[in-house]
Number of protein chains: 2
Amino acid sequence: MVDESGRHEDAYEAVFSALAHPARRRVLLTIYFNGGSMAAGEIAAVFSHAWQTTTRHLQILEAAGLLSSARDGRMRIYHLERKRLDLIRDWLAHFTITPDPTKETP
Amino acid sequence: MVDESGRHEDAYEAVFSALAHPARRRVLLTIYFNGGSMAAGEIAAVFSHAWQTTTRHLQILEAAGLLSSARDGRMRIYHLERKRLDLIRDWLAHFTITPDPTKETP
DNA sequence: CAAATATTCAGCATGTACGCTGAATATTGA
DNA sequence: TCAATATTCAGCGTACATGCTGAATATTTG
């Protein structure tokens, strides 16, 4: 996947950037503690932001693969993609392998 | 900790933002695979960026608590703070508790 | 069809991020 | 002390992020 400037938009960058904003972390937790799915309006109601602002946060989370969505009548239901969080665990796992014992600091 | 605009700069935000940039993730891995410590110049040599650009990345990583540093003669040694990565694991752990079985999606 | 509801799109202002260059600082060695 | 080495500070330009408001779209209900 390559963005408009030709730069490779790596999945790690999308996920970490998405999680960098407190409102977006709160969206994920809110959906999770609601059972995994919520309508856009229900999510927006949690925040004091204009609802259009929350819409954009939801789009960023979906672009990062952390949410999926489907229309249901006049509502849009967002669903938490918990598996996507494994990407972070995978990255963190790099730091659990001892890389070179001869250079280990005591 | 409160930043210049009076907003609480939460630790999660600092850490996730720091990890959002590919160069900064690479800095952490580079130091790790070098045994946990590296001089600023050694780190900068890995990148094609101007070294001043890497200096700023190092400062951001240090501000996020992911690196610590100490002068050693005319060099500055950066040390990886692996423990700080546990903050992310802690946040991810929120998603491993079943929140409300009555709302669970099958 | 018209009105109400739910959500998104488009555009604006402000602030921050990130690359750069040039100058400054600190330490070491001749 | 002077020159070399290692790093940081200051400032610039461009691009993007994030809040906002107003308009547009899609769907259901009367």
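By convention in this document, chain letters (A, B, ...) are assigned in the order of the sequence lines, proteins followed by strands, and residues within each chain are numbered from 1. This is a predicted model, so every value here is computed, not measured.
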Inset, instruction - Would you tell me if any nitrogen or oxygen in the side chain of B/Gln59 comes within less than 4.0 Å of OP1 or OP2 on D/dC9? - result: yes

Inset, instruction - Compare the minimum distances between each of C/dT8, D/dT18, D/dT7 and the side chain of A/His21, then state the nucleotide with the smallest one. - result: D/dT18

Legend entry - Under 3.5 Å side-chain donor-acceptor pair for B/His79 and B/Ser37: yes

Inset, instruction - Output, in order, the C-alpha distance, side-chain angles, deciding distance and verdict of side chain to side chain contact (heavy atoms under 4.5 Å, CB included) for A/Leu28 and A/Leu19. - result: CA-CA 9 Å; A/Leu28 297 182; A/Leu19 296 177; 3.5 Å; yes

Inset, instruction - Quick one: do B/Asp86 and B/Arg89 satisfy salt bridge (Lys or Arg N to Asp or Glu O under 4.0 Å)? Show the steps, please. - result: CA-CA 5 Å; B/Asp86 291 341; B/Arg89 282 183 255 264; 3.2 Å; yes

Legend entry - DNA chain C: 5'-proximal contact among A/Glu42 and B/Ser17 (nearest heavy atom): A/Glu42

Inset, instruction - Under 4.0 Å from any atom of DNA chain C, heavy atoms only: list the residues of residues 47-56 of chain B that qualify, in numerical order. - result: B/His49, B/Ala50, B/Gln52, B/Thr53, B/Arg56

Inset, instruction - Find out whether the Lys NZ or Arg CZ of B/Arg26 is both under 6.0 angstrom from the six-membered ring centre of B/Phe47 and within 45° of the ring's axis. - result: yes

Inset, instruction - Please state how far atom CE in B/Met38 lies from atom C1' in D/dT7, giving the value in whole angstrom units. - result: 15 Å

Legend entry - A/Leu61 CG to C/dT8 P, straight-line distance once rounded to whole Å: 13 Å

Legend entry - Nearest heavy-atom neighbours spanning B/Ile43 and B/Met38: CG1-CB, 3.7 Å

Inset, instruction - Using a 4.0 Å heavy-atom cut-off across all strands, classify A/Ala39 as base, sugar-phosphate, or nothing. - result: sugar-phosphate

Legend entry - For atom CE of A/Met75 and atom C1' of D/dT27, their distance in whole Å: 11 Å

Legend entry - Residues in side-chain contact (heavy atoms from CB on, under 4.5 Å) contact with A/Arg56, at least two apart in sequence or another chain: A/Gln59, A/Ile60

Legend entry - B/Tyr78 side-chain N/O to D/dA6 phosphate OP1/OP2 under 4.0 Å: no

Inset, instruction - Could you tell me the separation between the CZ atom of A/Arg24 and the P atom of D/dG19, rounded to a whole number of Å? - result: 8 Å

Inset, instruction - Give the cluster check for A/Val27 versus A/Ile77: same hydrophobic cluster or not, with ILVMFWY residues linked at side-chain heavy-atom distances below 4.5 Å. - result: no

Legend entry - Heavy-atom pair with the smallest gap, counting every atom of A/Ser69 and A/Arg76: OG-NH1, 2.9 Å

Legend entry - Base versus backbone protein contacts along nucleotides 25-30 of chain C [heavy-atom cut-off under 4.0 Å; B, S, -]: --SSS-

Legend entry - is_close_aromatic(B/Phe95, B/Trp91), centroid dist under 6.0 Å: yes

Legend entry - Side-chain N,O (A/His57) to OP1/OP2 (D/dA17) below 4.0 Å: no

